[in-house]
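Throughout, residue positions are numbered sequentially from 1 according to the sequence presented. Quick note: numbers below take in every heavy atom, side chains included, and nothing from hydrogens, waters or symmetry partners.
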Amino acid sequence: MAIIGLIFFGLSLIGYSSTLRLLHVNPYFTWITSILVQIMFLYVFAMMNILRIGIWLTTSLGFLLLVGRLILGYLGKVSIHHEGLHLFDIWMIFLGTVMALVLLNSPLIHYDNYSHWATIVKFLYYTGHLPGASDTIISFTSYPPATALFITQFVTFTGFHEGTMLVAQFILIWAASYTIFSTLRDRSRGLNSMLLCLTIAISYVFNINIRLNNLLVDYVLAIITVAALTGIFVYRNRPKMLIVHVALFIGSLLLIKNSAAFFVIIIAIYYLYILIKYSSNSGWLKRTLQISGQFVGTLVLGAIPFIWWELHVHSTFTASKHEINAAAYHSQLVHDGTKGFISIGQAFIHQIFNIRSLSTQGFLSLNIGLIISWAIIKYLCHHPNKLLKLLGWLDLITLLYYFSLLGMYLLSMPFTEAITLDGFERYMSTVVILNLFIGMICLVYIIDETYYEQDFSKRSPRNFKSIWSKNGYQLATFLVMFFAIIMMYSEINGTTFTNNYNRNSLPVALTRVANPWTKQNNTKILIVDPQKVEVTTYYAGYLANYYFFTNNATGQAIFSKNKEKFDNNLKKYDYVVIPKYDKSFSHKIKNIYHQNIKTGFFRIHSNRLSKFSKNNKILN
């Protein structure tokens, strides 16, 4: 059934994509635009509390669009021009497929999968509606649901599983990544296309803190922003398409995560610049009114879905974790005082100037790389370029993001998390990846402008300035292609290694002793975890909540030596799960209940524990 569902979903996506091509959407944008359009449909259905129906209607519409497209094509009414396969298409198809297969067999390990991102997908899938005030299993109630809606749609047809959730998010990422090839002036140039492939592969180096085998959206924010900026450039001479593109991508970004507002501002500034630069009106007043109306109207249109979400959140919930507001700021100030703010600021500055920080290394590498590229192109190729000006803008983006991130630590995080700069490298990876893509896209564009033959129709394997430049180009193409493949395989192998390394982790161990529950409940469950840090950080509790679909799961590593206290504590719960052998806990059970246990899932009775098999049958 999963294969049939996958085929149905794939055909639906092709239906949306082919329809967008008929509407003259750039071919490199049809996939990601199709996904974002479906997310908007799903969002409306979810807000109307008919998500399950909406998933079937949205997916079926794509399938019907494909059928209609095939019928019209057969009758000769419509036709779609295809450029054929390029070198980068082969790279994307082959390595993307390999990566997807690895993700399909990957477990979820990262803490935030269970604190929100996987839990919200499970909630949407099994309940069919957005969380309400009574659904306390969802803690981060202000987080918008865009990626969760798309993942829920995908797993509806392929089956709910950690691997299928990861594949769904990877489809979103891969579709957005494909848009960068729309900026190529000449797609037959192997060097240029492979440089962009290498950029995609290198970007995963700065995403190494979470990798692709997690449902966190930090990389998604970056790649969707890149696609949005790229689309503005591609549609710069098509005002109507530009408006729709910007509104759709802004609306989608704001529905991915609240912090996307920073990236929306970047998109808005570039959009305004393009409007000013390519405005066709000659009169100053008329030109100003047209640009202002188009700019403001587009932003308002893009913000409407998020405004709707904010109204929903404030009418449904009283407060949410990591929500920035005056009350949160006042609480931080009263609890921690100005000394706490200063301590966080000092830790933040120290981290920025720490050369071992991956984000700092990325910042320095991009600066050095663009400066060297500027010098080579200007002095060796004798081609003036704006790479230094671009670098200035990218550094400004980084600086502003530093301030934005510091504000988040000061205003919305608990002091215990903020003082350790919890998630710093993960958050910073987003802007590093964004700047990497922008810098490389512009660099590749400028490289193409330095070629000897600028008439694309005359370019051929023979058309080079000299035999030396031809040999140099061929060697460079081969080396870049080699590293693009090697770097992507490095990410694939790294993910595989991570999966093997985590084969004895708590989430994987939990799957060996119990099957996940699929009906939301209030059952009290104790998860015994000998790793104290997994308990104190609430990792074990969040994991158990997700796995058993309850908000009453608790992790515990240390138990009282007093028999009576131990017994009373245990009887507060309905079930106890022991994914990993805990010698101390087993010894206490032996002394009190006279039972020999190591691992398993147990029902708690007044004077004994009864063990369940994975299919919920009582063994003893």
Side-chain angles (χ1 to χ4, degrees), residues 32 91-92 95-96 98-100 102-103 106-113 116-118 147 151 162-163 165-180 196-229 253 256-257 259-260 262-263 351 356-366 369 394 397-398 401 405 421-441 483-499 501-502:
I32 186 60
W91 188 91
M92 291 285 290
L95 292 175
V98 176
M99 185 78 247
V102 171
L103 293 176
S106 298
L108 294 174
I109 301 298
H110 196 283
Y111 172 95
D112 284 343
N113 287 306
H116 181 74
W117 299 108
T147 55
I151 295 171
E162 282 75 10
M165 288 193 285
L166 291 171
V167 170
Q169 180 155 293
F170 179 67
I171 291 172
L172 175 64
I173 290 172
W174 214 234
S177 302
Y178 192 56
T179 62
I180 68 174
L196 293 182
C197 290
L198 180 61
T199 302
I200 295 173
I202 291 176
S203 69
Y204 296 130
V205 173
F206 299 102
N207 190 48
I208 200 168
N209 282 286
I210 56 173
R211 289 195 181 276
L212 291 172
N213 57 344
N214 284 289
L215 296 177
L216 286 67
V217 297
D218 303 274
Y219 190 95
V220 176
L221 289 174
I223 199 63
I224 295 295
T225 304
V226 169
L229 296 172
L253 271 172
I256 291 174
K257 198 176 181 182
S259 58
F262 179 88
F263 304 100
Q351 183 66 22
R356 291 179 294 181
S357 167
L358 184 60
S359 59
T360 301
Q361 292 174 358
F363 173 80
L364 293 175
S365 299
L366 184 62
L394 297 182
I397 290 173
T398 303
Y401 194 75
L405 190 56
L421 302 182
D422 184 44
F424 177 87
E425 290 299 330
R426 175 162 65 87
Y427 298 135
M428 278 305 302
S429 68
T430 305
V431 77
V432 171
I433 291 167
L434 172 63
N435 288 347
L436 171 67
F437 273 104
I438 295 174
M440 287 301 295
I441 288 171
F483 282 110
I485 296 173
I486 291 299
M487 289 293 290
M488 192 62 202
Y489 258 110
S490 175
E491 174 63 20
I492 293 170
N493 291 333
T495 303
T496 303
F497 173 80
T498 302
N499 293 341
Y501 179 80
N502 289 316

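With N113 contributing its side chain and L215 its backbone, the two residues share a donor-acceptor pair below 3.5 Å. No donor-acceptor pair closer than 3.5 Å links the side chain of T360 to the backbone N or O of R356. A donor-acceptor pair is defined here as one N or O able to donate and one able to accept, closer than 3.5 Å; no such pair exists between the side chain of Q169 and the backbone of L212.
Nearest heavy-atom pair, A222 versus I433, reported as atom, atom and distance to 0.1 Å: CB-CG2, 3.9 Å. A pairwise comparison of heavy atoms in G96 and F170 identifies O-CE2, 3.3 Å as the closest pair.
Atoms CG and CG, on L434 and L221 in that order, are 10.0 Å from each other to the nearest 0.5 Å. To the nearest 0.5 angstrom, I223 atom CD1 is 8.0 Å from I173 atom CD1.
A side-chain donor-acceptor contact under 3.5 Å links N435 and T398.
Counting non-hydrogen atoms of other residues, nucleotides and ligands closer than 6.0 Å to CZ of F483 gives a total of 12 or fewer.
With sequence neighbours excluded, no residue satisfies salt bridge (charged side-chain N to carboxylate O under 4.0 Å, His left out) with E425. Remark: R426 engages D112, D218 in a salt bridge (charged side-chain N to carboxylate O under 4.0 Å, His left out) (not counting sequence neighbours).
For the pair I200 and M92, the minimum side-chain heavy-atom distance is below 4.5 Å.
Checked against a 6.0 Å centroid threshold, the rings of Y427 and Y401 do not count as neighbours.
The stretch residues 196-211 participates, sequence neighbours left out, in these salt bridge (charged side-chain N to carboxylate O under 4.0 Å, His left out) pairs: R211-E491.
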